[in-house]
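Reviewing the structure listed below.
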Protein chains: 2
Amino acid sequence: MADGPTINTIAERAGVSIASVSRVLNGLPTRQETIRKVLAAAEELGYVRNAVARSLKSRRTNQVAFAMADIGNPVYLAMVRQIQPVLKAAGYRLVLHSTDAIAADEIDVLHSLGERYVDGLIMSPLRVTEAHLETLKAARAPVVIIGSVPDGTRVDNVRADSRTGVRLALDHLHALGRRRIALVNGPLDTVPGASRGAAYAEALEELGLPYDDGLVEIGDFYRADGARAVAALLARRPDIDALMCANDLIALGALDVLRAAGRRVPEDVAVVGMDDTELAAASYPSLTSVSLGSAERGKAAVELLLDRLQRGDREPRLVTVPPRLVVRASTSGEEPALPYDLTTNTPGALAGAAPGHQSSAQEGGAG
Amino acid sequence: MADGPTINTIAERAGVSIASVSRVLNGLPTRQETIRKVLAAAEELGYVRNAVARSLKSRRTNQVAFAMADIGNPVYLAMVRQIQPVLKAAGYRLVLHSTDAIAADEIDVLHSLGERYVDGLIMSPLRVTEAHLETLKAARAPVVIIGSVPDGTRVDNVRADSRTGVRLALDHLHALGRRRIALVNGPLDTVPGASRGAAYAEALEELGLPYDDGLVEIGDFYRADGARAVAALLARRPDIDALMCANDLIALGALDVLRAAGRRVPEDVAVVGMDDTELAAASYPSLTSVSLGSAERGKAAVELLLDRLQRGDREPRLVTVPPRLVVRASTSGEEPALPYDLTTNTPGALAGAAPGHQSSAQEGGAG
DNA sequence: TTGTAAGCGTTATCAC
DNA sequence: GTGATAACGCTTACAA
């Protein structure tokens, strides 16, 4: 861990100036003999270029930040999985921020762009306040926002379309003959909670079904909340025949309670989740879920950012990722055939079912 | 996105020297009047300290890197979830590297410590070659290795104990009366694959059961591989009554195939996974799994690193995290009672079942 | 208490 | 082609 050599050290050793060292190291036209001497010295000394000094001079850090509400949320992880490889391929490092869904922290991250430790930021804020927009306008580096921002905000923006997503789910349930479709939502003061609630009401109306307050239950976005909400729902309206859940965790809680209550899924009650996380495919019955394209949104965001890092002057763009209904056993009653071929070695259709690699590196112990 | 002000800008504006500005900004003793002028100017200009310039001078970046084989792997994500908050609380940012399990990439990460863009590194290498150790010895910043390294390697080290873990699982299966226990392993040239294979043989011996080559099947660490392996196993040895799977994904594939084959779990075949990922609790039947303490290992690693960043001179430490068998329905036959209280709002026992928060920030669309 | 100036390790602009 | 030398924005002796 000795103090590393600098271009000065190399210059001395090679008997040339630091300017020549820099030139060689950067591939600028130099005499062969000089190149040889410099490279030899660098090699012997184990020289590694100091990224900090270089950044100070070049005003580029080759780092990009991703700020999410919560690193434990599978939705954001799906985004990180897309973002990281693209950044890596483009020569950037990924810096991760978890803001714990605290608005002040999010604004802090935006503000800290002034520290210039990253070249750009991808952010997925829980809500977008006036203060967010203000800070955003003054941001000292390019920003891409994942999530809705007010029309006219001059920023690259990637959106899901949970309204259409809810609509897809309700159409599906309606086509299956379900008529008493309950909604298990998250808090209404979050952007997703609000829009999913509105979309539910709207979809019911278009289907010609009455909106019934008794069919709506609100909790937080966790599995336990989903379980509690569904228990309350069942007590109040024993005749419900379908559950629209605002995310997959809520839906898993719903499955737990339905099983405990002896209700068959989907015969008695059909269940739809949202986000199509890896848990949806793993549960039993496997969970029909509305994919809001987390992976695609992550991909779109990083591409917008890289593009802007190259040409900072273009107009802001808006990308909307369409939702997709992934039908599984919790509504269809049919477990999919094994999603892989048991005889060959082709990874086959499993790509979607397996949550990434699992080359498992942890190791241990006594030998 | 205008070019930001520097301490020079402030100095001019406030009519003082840059040294005074720096002093005020760093809380060093200064006259009240000067403080006032400087802070006022800084405020007006929207000054933010340049982290790069500061790092060049201070030789600290307040960044720490975590290098894992694969960002899609739930095991590493469990670590990241622990590491990030601790680092944040200590004032560090987290830089993420995914090495795709390529040894050259891992060595590259070690080497790049010389760039000094981070103050330290936590790394979980897939295998530890001679080249790793060599580069490690020359590393220009503190490193913590998650995973076994040869005895005597002078580095902070956190290990799992998969040997004991396998032993726990086989004891459990044996106690349940199972006697034809197959092993579905990953590649033998990976550290985990090798040690789990050895541990299996060893545990059988101690239980007085014969080792039978026909009961061992090897594939990769993915769900599809697990499915294929188990299909082959069933064809060859229709009478197996238990499956020890080298990780949870393999176990999920096993469950798929057993269900398709009409074998009851656990009545006909008991199944044990490994790593105790969130998928284990979500599957049905829920999966008995050996936890190797990914979260604990992440926590231990970051604590070792922070400690060393404060006192770089202490002796290297070794932390071994004990495994724990988490019994669920795939061996016990009993789905756990609902892991949460349906009547109150206490998060209760769900903490372990819910994969972190899900405050769901993605949002969308037309509304 | 404050200002001048050196230096962190680069890159880049000059003359030579 | 190459070598002084001046930035980049900050911290910190050292002087005043």
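Residue numbers start from 1 in every chain, and the chains themselves are labelled A, B, ... in the order their sequence lines are given, proteins ahead of strands.
- For the OP1/OP2 pair of C:dG9 and a distance below 4.0 Å, the side-chain nitrogens and oxygens of A:Thr6 include no atom meeting the criterion.
- Looking at heavy-atom distances under 4.0 Å, B:Asn8 makes no contact with the nucleic acid at all.
- Nearest nucleotide to the side chain of B:Ile18, out of C:dT11, C:dG9, D:dC10: D:dC10.
- Among the atoms of the strands shown, only primed sugar atoms or phosphate atoms (P, OP1, OP2) are found under 4.0 Å from some heavy atom of A:Arg49.
- Each of B:Leu56 and B:Gly15 was assigned the nucleotide of DNA chain C with the nearest heavy atom; the assignment lying further toward the 5' end belongs to B:Gly15.
- Of the candidates D:dT11, D:dG3, C:dG9, D:dG3 carries the atom nearest the A:Arg23 side chain, counting heavy atoms from C-beta on.
- Residue B:Tyr117 places no side-chain N or O under 4.0 Å from the OP1 or OP2 atom of C:dT10.
- Among the protein residues, B:Ser20 comes within range of the sugar-phosphate backbone only, with heavy atoms under 4.0 Å from sugar or phosphate atoms but none that close to a base.
- As a whole-Å value, the separation of A:Gln32 CD from D:dG1 C1' is 12 Å.
- Within the 4.0 angstrom heavy-atom criterion, only backbone atoms of the sugar-phosphate kind lie near B:Val16; the bases stay farther away.
- Scanning both residues, A:Val118 and A:Ala141, for their nearest heavy atoms gives O-CB, 4.5 Å.
- Within the 4.0 Å cut-off from OP1 or OP2 of D:dT11, at least one side-chain nitrogen or oxygen of B:Ser22 is found.
- Between B:Glu296 and B:Gln82, the side chains place no donor N or O within less than 3.5 Å of an acceptor N or O (distance only, hydrogens not considered).
- Residue B:Arg31 places at least one side-chain N or O closer than 4.0 Å to OP1 or OP2 of C:dT2.
- When heavy atoms are screened at a 4.0 angstrom cut-off, B:Ser55 is found touching no nucleic acid atom at all.
- Residue A:Arg59 is in sugar-phosphate contact alone, with no base atom involved, counting any heavy-atom pair closer than 4.0 Å across all strands shown.
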